[in-house]
2 protein chains.
Amino acid sequence: MKNKFMKIYENISKQILDGRLIAGDMLPSENELAESHSASRETIRKALKMLSEDGYIHKVQGKGSIVLEMKRLDFPVSGLVSFKELTQKMGERAKTYVETFEKINPSPALQEALKQTEDELVWKVIRVREIDGERIILDKDFLAEKYVPLLTIDICRKSIYEYLEEDLGLSIGFAKKEITIEEPTKEDRKLLDLEGFHSIVVVKSHVYLDNASLFQFTESRHRPDKFRFVDFARRK
Amino acid sequence: MKNKFMKIYENISKQILDGRLIAGDMLPSENELAESHSASRETIRKALKMLSEDGYIHKVQGKGSIVLEMKRLDFPVSGLVSFKELTQKMGERAKTYVETFEKINPSPALQEALKQTEDELVWKVIRVREIDGERIILDKDFLAEKYVPLLTIDICRKSIYEYLEEDLGLSIGFAKKEITIEEPTKEDRKLLDLEGFHSIVVVKSHVYLDNASLFQFTESRHRPDKFRFVDFARRK
DNA sequence: TTGACTAACTTGTATATACAAGTTAGTCTA
DNA sequence: TAGACTAACTTGTATATACAAGTTAGTCAA
């Protein structure tokens, strides 16, 4: 909330989310917005570019910016959000159970996934996510000990990301994710409520710190009926 | 290829794709790039911002831009690409069969999805995509007749998008997609090779023209073993 | 009426400048 | 030696200006 263009972005996005601006409306021109926000046109353009990237508006050269329909997403896996952040929006309906918590010598496959050497250790955390009484998601996290020297089972019960960012001062930069569909394993069947389901959605993520060093590999396994991924894509 | 920052983007992205720049390398500073490309720093920054958004590089304030690992994606559904564009990269291994081709009075649900009035007609096209002899994908397209007055079965066999963009001069702007997992329908089982599979990946898309008018609704149904979605996400 | 043209808007691109903020390496001091 | 400091880099933000390119509405002439 410190940058000028971020404030403008938030100002306009809020107007769209709460209905003061509705789909089909045209925004004021960039020059008018610059005037009314006491900013230069380039600063307005930065804010509008972000709004456009996030699917709030669409810009047409020579015409202006048109407001798009923004559906509120119930349960998105898009972007880079932690389960804790999701559950905060869901109130007290979500619980986390820590099934496994240990420091291990990584297998060759895991060494490869985390780009580690043989002697570097890895935290292994397996957690079950329960929503409305149903065990829906199985999260398997592997964190490089060299970036996270200390971890406790209590932190895992709450939020690892919160601990990393607020206590350790690590700042997460970006992630590469891959979504595939697999057959449920015995472990999936044991830990999740999968009666009547024949497949499981697997989201594998490589998570990097802000300085571009790989520090975490995560496999998140979702029951298919509760999985929904929403994407906004621009042509070229 | 006309914009200066696009040329710079392509120049650098090619260097990353063909290995002249490899993961971990630092790019020259923005001032050096401005000098060597005879451009202003702001123009360089536009190109670097695009590279960063597309996952080629990561920028760190005070340090510079670091090259990331770019895996070549075999079969991505990310972004906004047509099946034709995908198959061009796959050579002659892909075929398309048109199962249904008709102009219909849309059902209420379809009217809603396409935001049409009662008297407006809709093209309905159902196509099966075969890859390496296996029928993998079922594409159900619904196009508003008001934007696409003429369509032929021959166009559907080739590429609808190519026809829209090159012959009709329509320019596709953006799309909203939703990925879910469902049980296969009888139609899925009849038209696709689904022996031994118990679920199907459904990608529903609302496609908009460049002037932000909704003109197409598509449901693309994928056999789960051949589905893979790759995503690059930045924090905040 | 029709069509060509134009004027006045809109957004897109490119440049220059200034300063803020983060990183790094070396230097100086206690 | 250890720590504080600084200078010289890096990227981030904000502004101003100029012109290109697309859209729209109105005017004027055939």
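Keep in mind the model is a prediction, meaning the values are calculated, not measured. Each chain gets a letter, A, B and so on, in the order the sequences are listed, and its residues count up from 1.
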Just the rounded figure in Å: distance from [atom2] of [N] to [atom1] of [X].
X       : N      : atom1 : atom2 : result
B:Ile44 : D:dG12 : CD1   : P     : 14 Å
B:Glu42 : D:dA14 : CD    : C1'   : 9 Å
A:Leu51 : C:dT11 : CG    : C1'   : 15 Å
A:Arg41 : D:dC19 : CZ    : P     : 14 Å
A:Lys59 : C:dG12 : NZ    : C1'   : 8 Å
A:Leu48 : C:dG12 : CG    : P     : 9 Å
A:Met50 : D:dG12 : CE    : P     : 14 Å
B:His37 : C:dA14 : NE2   : P     : 13 Å

For A:Phe174 and B:His58, take the angle between the two ring planes, folded into 0 to 90°, and tell me which bin it lands in: parallel under 30, tilted 30 to 60, perpendicular over 60.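 Geometry flag for B:His58 against A:Phe174: tilted rings.
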Whether A:Tyr9 and A:Tyr56 hold their rings parallel, tilted or perpendicular, with breakpoints at 30° and 60°: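 Answer is perpendicular, since the angle exceeds 60°.
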Under 3.5 Å on both distances, the Watson-Crick or G-U partner of C:dG22: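 For C:dG22, the partner nucleotide comes out as D:dC9, under the 3.5 Å rule.
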For C:dT2, the Watson-Crick or wobble counterpart (both distances under 3.5 Å):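 WC or wobble partner is D:dA29.
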Residue-phosphate contact under 4.0 Å: [X] side-chain N/O, [N] OP1/OP2:
X       : N      : result
A:Thr43 : D:dT13 : no
B:Lys4  : C:dT15 : yes
A:Arg45 : C:dT11 : no
B:Lys46 : C:dA14 : no

Would the A:Phe215 and A:Tyr208 ring centres measure less than 6.0 Å apart?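 Here the rings of A:Tyr208 and A:Phe215 have centres that are no less than 6.0 Å from each other.
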Quick check for you: to the nearest 0.5 Å, what is the distance between B:Leu151 atom CG and B:Ile160 atom CD1?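 That separation rounds to 5.5 Å.
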For residues A:Arg129 and A:Thr96, is any side-chain donor paired with an opposing acceptor at under 3.5 Å?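 Result is yes, a qualifying pair exists.
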Quick test of your reading of the model: are A:Glu35 and A:Arg41 salt-bridged, counting only N-O distances below 4.0 Å?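 A salt bridge is absent here (no side-chain N lies under 4.0 Å from a carboxylate O).
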Worked check of side-chain hydrogen bond (donor to acceptor under 3.5 Å, both in side chains) between A:Gln216 and A:Thr218: CA-CA 6 Å; A:Gln216 181 191 16; A:Thr218 293; 2.9 Å; yes
With the criterion being N/O to N/O and under 3.5 Å, what pairs connect the protein with nucleotides 3-10 of chain D, and how long is each?
{"from": "D:dT10", "atom 1": "OP1", "to": "B:Ser29", "atom 2": "OG", "distance (Å)": "3.1"}

